[in-house]
Amino acid sequence: MKLTFGEKIRDARKSKNLTQKQLAGKIGAKHNSISDWENDKNRPDADTIELLCRVLNITPNYLLDTSPVEYTPAEKKLIEKYRFISKYSPEGAATVGYILDREYRIAEDRKRQVIPTLPKEDLAAIECAMKKFDIKKAR
């Protein structure tokens, strides 16, 4: 999923546990400027982008690029945790690897599942029967 410029700022800010006001204070901007950027109303100038990247620990490429090549701040945290586990707990890293492999296979299976759709005539007949027998649709 591609994030917009503003979504990337919001995601990075939240991963640092900063409010808009706190981020604004760290880069010398107004609180409403952060809100405008996060809502994609406008963008900061190049110097401010540099400050944002430094404070939020992201790269200008991540912020400005529209291709989903770089990792999000949340993904970076996961990678850092995995590297720490790998260094100090090899058995823990093996467990994480096993779980990731298992969950990846489950996700692949779910992705491949295609729920068949009924022809319109069948759907109409089902709705007619539901009305006839006063059956309500599940919510």
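Quick note: numbers below take in every heavy atom, side chains included, and nothing from hydrogens, waters or symmetry partners.
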**OP:** Verify, without hydrogens or angle tests, whether Asp36 (side chain) and Asn42 (backbone) share a donor-acceptor contact under 3.5 angstrom.
**Re:** no
Original post:
Residues two or more places apart in sequence or in another chain: which of them pass side chain to side chain donor-acceptor pair (under 3.5 Å) with Arg83?
Top reply: none
Subject >> Leu3 side, atom CG; Leu63 side, atom CG - distance, nearest 0.5 Å >> reply: 10.5 Å
**OP:** Quick one: closest heavy-atom pair of Val55 and Lys16, and the distance?
**Re:** O-CE, 3.8 Å
Subject >> Residue pair Ala93 / Ser86: nearest heavy atoms and the distance that separates them >> reply: CB-OG, 3.6 Å
Original post:
Where do Ala29 and Trp37 come nearest, in terms of heavy atoms and distance?
Top reply: CB-CH2, 4.0 Å
**OP:** Would you kindly confirm whether Tyr82 and Leu78 end up in one hydrophobic cluster when ILVMFWY residues are joined by side chain heavy atoms under 4.5 Å apart?
**Re:** no
Subject >> Nearest-0.5 Å distance that lies between atom NZ in Lys111 and atom OH in Tyr104 >> reply: 7.5 Å
**OP:** Using the test side chain to side chain donor-acceptor pair (under 3.5 Å), find all partners of Ser89 that sit at least two apart in sequence or belong to another chain.
**Re:** Glu91
**OP:** Taking all non-hydrogen atoms of both residues into account, name the closest pair between Leu56 and Arg13 and its distance.
**Re:** CD2-CA, 3.7 Å
Original post:
When you check the side-chain N and O atoms of Thr48 and Asp45, is any donor under 3.5 Å from an acceptor?
Top reply: yes
**OP:** Any chance you could measure Lys8, atom NZ, to Ile58, atom CD1, to the nearest 0.5 Å?
**Re:** 9.0 Å
Subject >> Side-chain (Glu7) to main-chain (Thr4) donor-acceptor, under 3.5 angstrom >> reply: yes
Original post:
Of the non-hydrogen atoms in Gln22 and Leu18, which two are nearest, and what is the gap between them?
Top reply: OE1-CA, 3.3 Å
**OP:** With rounding to the nearest 0.5 Å, note down the distance linking CG in Asp101 to CD1 in Ile106.
**Re:** 11.0 Å
Subject >> Side chain proximity check, Ile34 to Arg10, heavy atoms < 4.5 angstrom >> reply: no
Original post:
Can you tell me how far CD of Glu38 sits from CG of Leu23, rounded to the nearest 0.5 angstrom?
Top reply: 7.5 Å
Original post:
With the threshold set at 4.0 Å, does a side-chain nitrogen-carboxylate oxygen contact exist between Lys76 and Glu80?
Top reply: no
Original post:
Within the side chain of Ser15, is there an N or O that forms a donor-acceptor pair under 3.5 Å with the backbone of Ala12?
Top reply: yes
Original post:
Any idea which heavy atoms bring Gln20 and His31 closest together, and the distance?
Top reply: OE1-NE2, 3.3 Å
**OP:** Side-chain contact test, heavy atoms from C-beta onward, threshold under 4.5 Å: evaluate it for Leu52 versus Pro44 and give yes or no.
**Re:** yes
**OP:** Drop me the distance from Thr95's OG1 to Leu100's CG, to the nearest 0.5 angstrom.
**Re:** 11.0 Å
